[in-house]
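Atoms considered below: every heavy atom in the structure, side chains included; atoms not considered: hydrogens, waters and symmetry mates. All values reported here derive from a predicted model rather than from experimental measurement.
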Amino acid sequence: MPVRGGVKLLLYDVSGRVEAVIRNEELNPGYYREVFGKQKRSLPAGVHFLVLVQESKQVTRKVVLVE
């Protein structure tokens, strides 16, 4: 993170629905690593999108979940 601020890391399915909120908190500047494992709710295998939002900036990456 380049500056201190609120950060959201969300996992979307291909239809645009939020499947999981992985992180939603205030973070200090620096590098972070997130380990995303099995949640209480099982997620389907397939193509999903990770979206990182901080203030007005957004980064999206395509990911493939496998079982």
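The shortest non-hydrogen separation linking Pro29 to Pro2 is CB-O, 3.8 Å.
Partners of Leu27 under the side chain to side chain contact (heavy atoms under 4.5 Å, CB included) rule, at least two apart in sequence or in another chain, are Met1, Val7, Arg23, Glu25, Tyr32. In this structure Arg61 satisfies the side chain to side chain donor-acceptor pair (under 3.5 Å) test with no other residue, sequence neighbours excluded. Remark: Lys62 pairs with Val47, Phe49 by the side chain to side chain contact (heavy atoms under 4.5 Å, CB included) rule, at least two apart or across chains. Annotation: side chain to side chain donor-acceptor pair (under 3.5 Å) contacts of Glu55 (sequence neighbours excluded): none. In this structure, Ser56 has no side chain to side chain donor-acceptor pair (under 3.5 Å) partners at least two apart in sequence or on a different chain. Remark: Arg4 engages Glu26 in a salt bridge (Lys or Arg N to Asp or Glu O under 4.0 Å) (not counting sequence neighbours).
Side-chain contact check for Val3 versus Gln54: some heavy-atom pair is nearer than 4.5 Å. Side-chain contact between Glu34 and Ile22 is present, with at least one heavy-atom pair separated by less than 4.5 Å. Residues Leu65 and Leu11 are in side-chain contact: their nearest non-hydrogen atoms beyond the backbone lie under 4.5 Å apart.
Atoms CG and CG, from Leu10 and Asn24 in turn, are 7.5 Å apart once rounded to the nearest 0.5 Å.
Applying the side-chain contact (heavy atoms from CB on, under 4.5 Å) test between Tyr12 and each of Val51, Leu50, Thr60 identifies Val51 as the sole match.
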